[in-house]
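Nothing fancy with the numbering, it's 1 onward along the sequence.
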Amino acid sequence: MNIFSVLTLLGGLAMFLFGMNTMGDGLIRVSGGRLDSILERLTSNRLKGVLLGTAVTAVIQSSSATTVMVIGFVNSGIMKLTQAVGVIMGANIGTTVTSWILSLTGIEGGGFFLTMLKPSSFSPILAVIGIVLYMSAKGNQTKKDVGAILLGFAVLMFGMETMSGAVEPLADNERFLSILTMFSNPLLGVLAGAVLTAVVQSSSASIGILQALCATGAIPYSAAIPIIMGQNIGTCVTALISAVGAGKNAKRAAMIHFYFNLIGTVVFMAVFYLINAIVHFAFLNDAANAAGIAVVHSLFNIACCVAWFPFGNFLVKLATWTIPDRAESVDIKPDALAVLDDRFLEKPGFAVKVCMDTTVKMAERIGESLSYAVELLNDYSEEREAQIRQLKQEADHYEEALSDYLMKVSSRRLSLTDSREVSVMLQCIRDFERMADHAASIGCLAADMYREGIEITDSGMDELMVYCRAVQDVVGHTTLAFRKNDMTMAKQIEAFEEAIDEMSVELRQRHVDRLRAGRCSMEAGLILEDVITDFEHVLDHCSYIGACMVRVYSGDVPEPAYKVPEEERLEFREDYRRIREKYVLPEKMNLDVPAELPENGVEDASGKKKSGPSEKTSKKKDRISEKSKKEKSKKKKTKRKISEND
């Protein structure tokens, strides 16, 4: 074997590893996080976990990736350790699928069917189909990913064939044969397999390398079996590295994986060589082949799973004993943010789904905050006010954590759908966070009313509650549209917003009439003005979220507000009228409204003289009025107002 044969071997190894990595990445992107979502939800019992772990690993072709994902689930609290055990066991079985695929290189025969089963026959066909899909995909990311999967598989098989051809001359090399003889020692074989797998970070890849070396016909089963056992230990390195810096439960999940493979290897080796000492297995001296390697690999992992299945709780206790409970620092951030784990970044499709679920939780919490604020206007409670402040802090944490995590996700290779979802979330989380600010502002206004003894009249409060209910419904509608990615619902938000804007105009006018008739105090009027303004800002942010969804998913650049196209105006008007009919203010009271407010004060309903507004209050009123004028001017520039003909 000369230098050119060595270069050929290295080139084949490079093609093999590159093909495996490309195929795995493509499979992960095509799955779009769906497999991981199933894995997350359907692990209620251990048997189901084993089956799901097997299926997911067989599809994505990596037990390490599945195990790392499980560690992320455990670290974020999505999955319990007892649930993780079954999935880890299943991952070890699922990874054997790769060895069976690679064993196709050893098929011999001259028939057409057998010839077509050989990788050297069908790999070129897959490569041609893959490159056509990849080059013609253009904007179709799924088509491009499928092309990458086919290309990766073809390159992997070409690399396997190249390695096998390069090592064939070693069959007559005495030095090479003497090295292989060393691995017949079980301990050295296990060590070699563990080191090789730890270096390439993939048991599937190391099994493939071993299968390629079997093409020399010089590797007996006595050397191959210990190497395979060692590969199952070496594959734990990826999970152990992933658990560094994680929580104690994540470390325990990694230790469960390690103990499962380590103890399984030790027990298997002890039993196997004990029986061999008695019966002397004749096949140990036979030359191993690719199919035989796949058989041994599968039998070992299935046997370990069956043997350890009843003792899953023991593995949990062993891992808990290894990683004992310690006092951990208290994190004031919401528990929901624990799912934003960097381990999920290796599967961007699932990371995007995690972000979407977290953003929806953020929106739901903000809906609660607005409900508490409305409740506070009717019935003040210090406990409710504290809850609103806490929810505002939570919203700040959500906004900061999601922004940072989404920036990391956006740097990964994403499908077109995932890329759009990331873009929408990056723009919308700020609007959701601002809603929490306005809810907190309304809570402060309610607290001011209570502490200063300011009361809004019964009629004014009834009208305000109708208005509040309408705003809350818009927020709920916006959250639902965001969660479902429903463009029809997103477009309806603008009709909601404009219809309720008309309500706010009427609400203000009614209050002015009561003020002129002496039925309401100036202080209550200023509070009411600020409350309505805060709710108007909430509506604006809902409108911006709907506009962002429509623009991004239609492929256009997002604008501050959704402008209704001419062809959708009829539907818009119908939505507008339906909403106006749904939210009707109570019947207006008959008031004897003077032309102007008396300068020296007005009489209330009981005829008692009330002083007019103080200079401080008047200045505040002027400031609020000026602010309202600016807000209205801004909205006229950014929003399309419904015409008189509508």
With distance as the sole criterion, is a donor-acceptor pair present between the side chains of Gln231 and Thr235 under 3.5 Å?
no

Nearest heavy-atom approach of Tyr405 to Ala351 is OH-CB, 4.0 Å

Quiz prompt | Heavy-atom donor-acceptor pair, Thr57 side chain to Thr54 backbone, under 3.5 Å | solution = no

Distance col, row Ile93:CD1 vs Ile88:CD1, nearest 0.5 angstrom, shows 13.0 Å

So CD1 of Ile228 and CD1 of Ile207: to nearest 0.5 Å the spacing works out to 5.0 Å

Report yes if the distance between the aromatic ring centroids of Tyr221 and Phe281 is under 6.0 Å, otherwise no. no

Just by distance, do the side chain of Asn261 and the backbone of Asn232 share a donor-acceptor pair under 3.5 Å? yes

Asn485 side chain to Glu421 side chain, donor-acceptor N/O pair below 3.5 angstrom
yes

- Query: Is it true that atom CZ of Phe18 has more than 12 heavy atoms of other residues, nucleotides or ligands lying nearer than 6.0 Å?
  - Reply: no

| Can you check whether Asn92's main-chain N or O pairs, donor with acceptor, with Thr95's side chain at less than 3.5 Å? | no

Next on the checklist: For the backbone of His297 and the side chain of Asn301, can you confirm whether one donor and one acceptor N or O come within less than 3.5 Å of each other?
Outcome noted: yes

Here the gap from Leu262 atom CG to Met255 atom CE, rounded to the nearest 0.5 Å, amounts to 9.0 Å

